[in-house]
Student: 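So that we are looking at the same thing, I have put the structure below in structure tokens.
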Amino acid sequence: MEGFALADSGVVAAHAWCAHPDGTVEDPTWGDAGRAYLGIAFTPDYLAEFEARRGAVTVLFDQHRDDMRLLREGLPENAFADSGIPHHHTPTLDVG
């Protein structure tokens, strides 16, 4: 997955990570998993195609190396992978 992550330190960063089918995050680059993640899951086939075309770069954050194709054309249907079950948070109101 690629997107943004909120680190335990409070810093938001462009980031990549892995997600299991149940929605849990596995983050091999940060020692401790971040607090929150927001991103897009890409299929291995799409990533291999992108890497063959542009080298080992990130799809979302190195678009200048791909002539901004993502902004002009969007992502093809074969780019999206199942990223698991979304986590829903229901805010509670403090009426006290």
Side-chain angles (χ1 to χ4, degrees):
M1 294 189 70
E2 291 182 20
F4 296 93
L6 173 62
D8 283 335
S9 66
V11 173
V12 175
H15 196 52
W17 62 94
C18 301
H20 294 280
D22 68 357
T24 59
V25 169
E26 186 170 330
D27 193 335
T29 56
W30 287 358
D32 294 323
R35 291 175 150 179
Y37 294 84
L38 174 66
I40 299 172
F42 294 106
T43 62
D45 289 345
Y46 180 75
L47 292 175
E49 171 193 320
F50 188 88
E51 185 174 347
R53 191 171 66 247
R54 291 290 159 203
V57 295
T58 61
V59 174
L60 295 179
F61 303 110
D62 287 327
Q63 278 297 304
H64 61 284
R65 296 185 184 185
D66 202 27
D67 300 323
M68 303 308 259
R69 181 185 281 185
L70 173 65
L71 296 177
R72 284 192 330 271
E73 302 173 11
L75 289 166
E77 292 219 15
N78 71 332
F80 298 100
D82 182 2
S83 59
I85 301 166
H87 175 75
H88 295 284
H89 174 72
T90 304
T92 57
L93 298 175
D94 184 7
V95 291

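Source: prediction; values computed, not measured.
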Student: Looking at every heavy atom in both A19 and M1, which two are closest together, and how far apart are they?
Tutor: CB-SD, 3.4 Å
Student: According to a 4.5 Å side-chain heavy-atom criterion applied to Ile, Leu, Val, Met, Phe, Trp and Tyr, with indirect links allowed, do L38 and F42 form part of one hydrophobic cluster?
Tutor: no
Student: Apply side-chain contact (heavy atoms from CB on, under 4.5 Å) to A48 and list each qualifying residue two or more places apart in sequence or on a separate chain.
Tutor: none
Student: Taking all non-hydrogen atoms of both residues into account, name the closest pair between A5 and W30 and its distance.
Tutor: CB-CH2, 3.6 Å
Student: How are the rings of W17 and H15 set relative to one another: parallel (under 30°), tilted (30 to 60°) or perpendicular (over 60°)?
Tutor: parallel
